Number of protein chains: 2
Amino acid sequence: MPLYRDLKRDLTQRIAAAEWLPGGALPSEAALARHYGTAIGTVRRAVDELVAERIVRRRHGSGTYVTGHDADRLLFHFFHVVPREGGRRAPTTRTLAFRRARAAPAEARRLQVRPGAAVFRVRNLLSLDGRPVILDELVLPQALFPDLSKQILTGRGNTIYHLYHTRYGVNVLRTTERLRAVRAGTGAASALGVRPGSPLLQISRTALSYGDAPVELRESLVDTAAHDYFSDLGKPAA
Amino acid sequence: MPLYRDLKRDLTQRIAAAEWLPGGALPSEAALARHYGTAIGTVRRAVDELVAERIVRRRHGSGTYVTGHDADRLLFHFFHVVPREGGRRAPTTRTLAFRRARAAPAEARRLQVRPGAAVFRVRNLLSLDGRPVILDELVLPQALFPDLSKQILTGRGNTIYHLYHTRYGVNVLRTTERLRAVRAGTGAASALGVRPGSPLLQISRTALSYGDAPVELRESLVDTAAHDYFSDLGKPAA
DNA sequence: AAGTGGTCTAGACCACCAT
DNA sequence: TGGTGGTCTAGACCACTTA
């Protein structure tokens, strides 16, 4: 195992342990090299990989910072529904339901918790340009978000992943998604304003944090009458 | 503009010009450094980026090779439909139709050719485990694939992107895709063995080569009764 | 054994940012 | 102006592949 991987792992652990807060600066590369007793190039290799995984961001002349969750990051990395014509827009969210429940076996497996573990279930309706487009069902392990409530969810002025990060130290780094076409049930149809039986895009998302640990499940139903799911696979992180 | 970007651009052009063929070896990094009159580290930076864009592959102890299009690359980078339960499988393809046509305005725009330019239209039926799952409609600029014919398409023993690469020097590096849910028309329904009106996943793909030049359009209709579209966004190229 | 890519070092100089 | 990241160099040594 090369030395820069050791540095990377140590830095990742220290970031995950909130030694540096979201938006905060890491020590300079020279300082890290002194601390670890390595050449500066080795530190740079480690930081290069953290940058590629979007755990940190470099700012030339300024420093290296722990990546936070702002609206831009949500829009470009985690929100893949775009208008068929025209540019990306940020969604507005309305929380329709919030309740405590127990993890079903399939959910427990995907979240890597034991079956029956305490979870929160959240139903959100997302609108673009004032029209409802996405119906989300979230499943969150209570162990990671101990005091979550509908008030906390709706009171946030920022994105939900920003809330996870700043209030609970849960940093969503990437997601895996599976998509399929389904017929709208009556509940989804009325929420989205489409006829029952209309084709909808269903997205099953698992949100992952450090070490690909799953932290959130999300089932989305998308009305693709005027919107598409945009996928840009194979593009280097840049 | 840093020096290693110049090297990268020059290497990319030489690869695109088929100075080294798919599967062929580049000169060693030491030889490239001598040729360009730079340090070996600068060559490595350039090659690092070519690797990230999957233009070349390094093999430790052996050399650096122009990436070819084999079945594995197709499966892992360009074929995103997977069984809901169970692992990835390679599809079998049957060509249903092949004809010459003119590019419609929207197609011409996406392919960056003039409206009315000569194109080929290909209809393929893809099966997994012997059951039809995907109906593909390809649009290919004749300028890039001058002598393409149904015989050439069906006679190939390899993937279609392998054919593009080896016969026409067209190397598909990545794709962008837009997905939506639609109702099956009668033609697609009978080809896929579903009832008309069933929900299908529609995928609009643009395949891109060097410099993100578009080389192929593909409209896919996927029966997602037992398969999903798998999307792993945000994962570093690794 | 020879040649290749992979890691690590040590240092110089530059471009950019904050003050 | 001082500190930060970005580029480039030159060389040593290691790990792996090939023959």
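Throughout, protein chains are lettered first and strands after them, A, B, ... in sequence-line order, and every chain is numbered starting at 1. Because only heavy atoms are used, hydrogens play no part in the values below, and waters and symmetry mates are left out as well, while side chains stay in. Computed from a prediction, not measured in an experiment: that's the story for all the values here.
Under the 6.0 Å distance and 45° angle rule, B/R59 counts as a cation-pi partner of B/Y65.
Heavy-atom minimum distance, A/A46 versus A/L7: CB-CB, 3.8 Å.
We find that A/K8 and A/D48 are not joined by a salt bridge, their nearest charged nitrogen and carboxylate oxygen being 4.0 Å or further apart.
With a 6.0 Å radius and a threshold of 12 heavy atoms from other residues, nucleotides or ligands, B/R110 has its CZ atom above the threshold. More than 12 heavy-atom neighbours from other residues, nucleotides or ligands sit within 6.0 angstrom of CZ on B/R88.
The list of salt bridge (Lys or Arg N to Asp or Glu O under 4.0 Å) pairs with a residue in residues 67-85 of chain B, not counting sequence neighbours, reads B/R84-B/D228.
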Are A/L148 and A/L163 close enough, and set up right, to give a side-chain contact (heavy atoms from CB on, under 4.5 Å), and what steps lead you there? CA-CA 10 Å; A/L148 191 65; A/L163 175 74; 4.2 Å; yes

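Residues of residues 24-48 of chain A having a heavy atom closer than 4.0 Å to DNA chain C, listed by number: A/T38, A/A39, A/T42, A/R45. For the segment residues 58-67 of chain B, the set of residues with a heavy atom within less than 4.0 Å of an atom of DNA chain D comprises B/H60, B/G61, B/S62, in numerical order. Residues of residues 5-12 of chain B having a heavy atom closer than 4.0 Å to DNA chain D: none are found.
Judged purely by distance below 3.5 Å, without hydrogens or angles, the side chains of A/S231 and B/Y229 pair a donor atom with an acceptor atom. Side-chain N/O atoms of B/T176 and A/D232 include no donor and acceptor closer than 3.5 Å.
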Check residues 30-42 of chain B and write down every donor-acceptor pair under 3.5 Å in which the side-chain atom is one partner and the other belongs to a residue at least two apart or another chain.
{"unit_1": "B/Y36", "atom_1": "OH", "unit_2": "B/D10", "atom_2": "OD2", "d": "2.5"}
{"unit_1": "B/Y36", "atom_1": "OH", "unit_2": "B/R14", "atom_2": "NH1", "d": "3.1"}

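Taking every nucleotide of DNA chain D with any atom under 4.0 Å from a non-hydrogen atom of chain A, the first and last of them, 5' to 3', are D/dG3 to D/dT7.
Aromatic ring orientation, B/F145 versus B/Y164: tilted (interplanar angle from 30° to 60°).
Aromatic ring centres of B/Y161 and B/F78 lie closer together than 6.0 Å.
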